[in-house]
Each structure stands twice: as structure tokens, then as C-alpha cells.
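Counting starts at 1 for both ligands and their atoms, in listed order. Keep in mind the model is a prediction, meaning the values are calculated, not measured.
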Amino acid sequence: MTQSTSNAAATSAVSGASAKRGFWSSRMAFVLAATGSAVGLGNIWKFPYITGENGGGAFVLVYLLCIAVVGIPIMMAEVMIGRRGGRSPINSMRILAERDRLSSRWKWLAGVGVLASFLILSFYSVIGGWAVSYVGTAASGQLSGQSAEVIGAIFSGLLGDPGKLLIWHSLFMALTMLVVARGLRGGLERAVTILMPALFVLLLLLVGYAMTTGHFGQAASFLFRPDFSSLTTEAVLVALGHAFFTLSLGMGVMMAYGSYLNKNVSIAKTSLLVSLMDTGVALLAGLAIFPIVFANGLEPGAGPGLIFQTLPLAFGQMPLGSLFGTLFFVLLVFAAWTSAISLLEPLVEWLEEQKGMNRLVSTLGAGSLCWLLGIASILSLNEWSGFAPLGMFAAFEGKTVFDLLDYLTANILLPLGGLLVAVFVGWFMARQALENELSLRGPWFGLWYGVLRYVTPVAVAIVFIYNLV
Ligand code: PFF
């Protein structure tokens, strides 16, 4: 069967409403788009710096474990909910709940997710803006041959200037809205097909460079030799939250993308592939960055500025550094961009379906609100840097608006969303429906089902409770 006839067959197999929405043009398009959502600032910016802050190897091991026992099963569950429901996440949840005669309140599970994606996008766009601004910084040659101090000063100069940050944040948000407004195939598919492979090649080149710094072994042992004495319970929560964040789970994004997926595509294989690519990119980013950190005597726990202070050093010293540096930041922007698009998509879809707005109006509405909230994150990097809105609670002491949004989403809302997805699919949906949808052979279905019912919820709940207590 050709792709188009199989698409047509799949299209007629689902409800009329979803048939009108269209499908990905191929399995590969879904894989790339889902990978585009998963691979983003989380892999290249956040993973290295939280690994640095949390002591390295043991943290990485816990993170990998979370990907395997929590992330992959939940990704399969989310894609399945989306494909079965065939609508925006909130409505897909409602349809599935009604089909199994469950309370339609389950739809608010996806509602929490959509709220989380809105909150994330507000600060994600600010960081995306940093990446956009570094394209210009690298291209102008300002980073060439500079010392760590000068490069640090360039970064602090950016963070200290709310006007500049606002311009870059606005530009990034506008780029995101532009693609979302054009719909699924118009921009997104084409963009990810070129950008994701290019990002991969460039990362490999950077790892190649990192190998020449003489500190590659030290970095590899920092990343892969676990030292459990440096592992805190907070670090376990951070690793779990990051597993959700990096795989774009717990907020309906994979449901939204799954809703455009053909019936004949294997959910298990594609989810596995997306998770492996995402993990691969994060580890490669670590292997590219930490040798440079160690070679230049920088601090692995430097926090959110880590890649903006380390990579420019490497680019400043390597032949054709300005070119590579510019390319790297361009690709970082693209990685962030394909993720940001996916963050806006569920809310826009819901506004279209529920409020009857057209795509342009819903994109403009949702995007502008998010942009507005982003301003609070911008100010918390400078004017409001001493302002901790929930500072009266010990757990939030010293956390700025930006820190709070990050903490609340990655460490609370996403794991909570994921937990509820696992409970809904594992304990409430009819088993037969799951078997039909996943069509897994041999022991694989039982394994997935068992993990989703018992291991995933228990793991998430334990981490939660432990941290609360
Ligand atoms: N997974 C993206 C990253 O690692 O940068 C961030 C993200 C995108 C999180 C989409 C959540 C999401 F729904």
C-alpha cells in the first residue's frame, strides 16, 4: 500500500472530526516532530547544567532510570490517548473517559497539562531569546579568543538588560506563533526534517572538538561514574522532573501530536525511538560541554548560564570558531523553536475546538498572553532578582518568578500530570482498548501494562512524598 492510500485508509477509520484535521504525512514526520518537541533547550541547555549542579554520574543514572521506567511508558500512554481521541488533549481525554463511562472530569488532567505548557512556554521563550541573541554575538566575532571573564561579562550584560531580553523574547515568541498559525504540515514538518539531522551532526562535531581538549576522560567519568554520596533526594526529584520535561510529557503535547498519527504506526516503536534520540542528544551535549568546562577550569555547577559561558570559550579558540559558534546557536534556536511550537499547539487546538476561534486568532491570543507572562521571567533576571514571591515558604526560599515557574512546572505539574496519565490508562481504561491500540506482540504488552500500572505511579508518588516530607 502506498503512503497516501494507507493514510486514506487510516483517515476513514477514525471519526469525521479528526479526519478533517489531517495526519502527519508519514511515520517519519511524526517521529521528527515528536523528537523536535522532545529535543530542545532541555537537552542542550538544562541537562548539562542540572547535571553539573547535582554532582554528575549518580544523577545521570537516576535520570536514565526515570526515562526507562517512567518516561517511555508514559509517552506511549500519551500518544495512545491522543490517537484514540483524535482531538486536542482536553477533548481527547473527555472522549476517552466518556467512552469508558468514566467521569468527564478526567479531561482536567489534560487541562493541568495545558496550563503547564503555557507556563513553561512563557520562560522557555525567554531562554530561546538568549539563544537567538547569541547567534548575533557569535556571528559578529565578539567571542573570538576571549577569556572566560570577558565571555562571562557578555552573558551577564545580556541578563542585566531587560530591554534587550524583551526584544529577543518577542522575536522568539513571534517565530513560534508564525509556525503554529500555519498549522501542522505547512511549516513544522518541513522544518524538522532538515533541522533535526543537522543538529545531530553539529553536536557530533562539537563532541569531536571536546575530545581534543584533553579533558574528555574527566568529563566522561563525571557523567558516567556514579558517586552516590553526592546524590540528594532533591536531585532525584529534579531527575524525575527532567525526564518529563525533556520528553515533553505530562502536559498533553504528545497527546496533541499523537492525535495526528496514523492508525497503522506502532506507538511503542516510535515512542522508543523518540526517547532514545532525545536521551542521545542530552548525553552528547554533556560530552561536548563538560570537557570544555574542565579544560577551562570552569564550575560545572554554574547554573543556567553554563552553556552560554562554556561553549563560546570553545568556539573562541577553535579554527573557524565564529562559523561553528554561529551554526551552533542557530541550531539551538531551531531545537528550542520546534519545542516551543509544541508547547503552544495544545492550547491553540483547544481554543479552536472549544471556543470556535480560527487558528490565527487562537494563536495570537494564546501567544500574546504567554509573551506577557514571559516579561515577569525577564524582570526576575534583573530588576526583580531579589524578589521571591513565595519566599515565606521554606521550599521556595530565594526562588525568583523564573525559578518558581521552572520548579512548579518541571517538579510538580509535569510529574503530577504524568502520574494521572499512568493511573488513567493503567487503572481506568479498558484493557482491550489498550491492546487494540498498541498491538504489541508477545510479552511486551504485559510488560508495558505492568510497569505503567505499578512501577510508574509508585515511583512518581514515592519521589513526591519523600520530597514533601
Ligand atoms: N522537551 C523540551 C526540551 O527538552 O527542551 C521542552 C518541552 C517541550 C517541554 C514541550 C514540554 C513540552 F511539552
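Sorted by first and then second residue, the ring-ring contact (aromatic ring centres under 6.0 Å, His included) pairs with a member in residues 70-93 form an empty list; sequence neighbours excluded.
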Per-pair distances, ligand 1 N/O vs protein N/O, less than 3.5 Å:
from     : atom 1 : to     : atom 2 : distance (Å)
ligand 1 : 1 (N)  : Ser37  : O      : 3.1
ligand 1 : 1 (N)  : Ala38  : O      : 3.0
ligand 1 : 1 (N)  : Phe245 : O      : 2.8
ligand 1 : 1 (N)  : Thr246 : O      : 3.2
ligand 1 : 1 (N)  : Ser248 : OG     : 3.1
ligand 1 : 4 (O)  : Ala38  : O      : 2.9
ligand 1 : 4 (O)  : Gly42  : N      : 3.3
ligand 1 : 4 (O)  : Asn43  : OD1    : 3.4
ligand 1 : 5 (O)  : Leu41  : N      : 3.0
ligand 1 : 5 (O)  : Gly42  : N      : 2.7
ligand 1 : 5 (O)  : Tyr124 : OH     : 2.5

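Put simply, the side chain of Arg99 never gets that close to the backbone of Arg94: no donor and acceptor are under 3.5 Å apart.
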Go through the steps to decide whether Arg84 and Ser92 satisfy the test side chain to side chain contact (heavy atoms under 4.5 Å, CB included), and finish with yes or no.
CA-CA 7 Å; Arg84 238 182 128 62; Ser92 286; over 6 Å; no
Name each donor-acceptor pair under 3.5 Å that joins a side chain in residues 51-59 to protein atoms two or more places apart or in another chain, with its distance.
from  : atom 1 : to    : atom 2 : distance (Å)
Thr51 : OG1    : Phe47 : O      : 2.7
Asn54 : ND2    : Ile50 : O      : 2.8

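Every residue two or more places apart in sequence or in another chain that forms a side-chain hydrogen bond (donor to acceptor under 3.5 Å, both in side chains) with His169 is listed here: Ser125.
Salt-bridge annotation for Asp406 and Lys399: absent, with no side-chain N of the basic residue lying under 4.0 Å from a carboxylate O of the acidic one.
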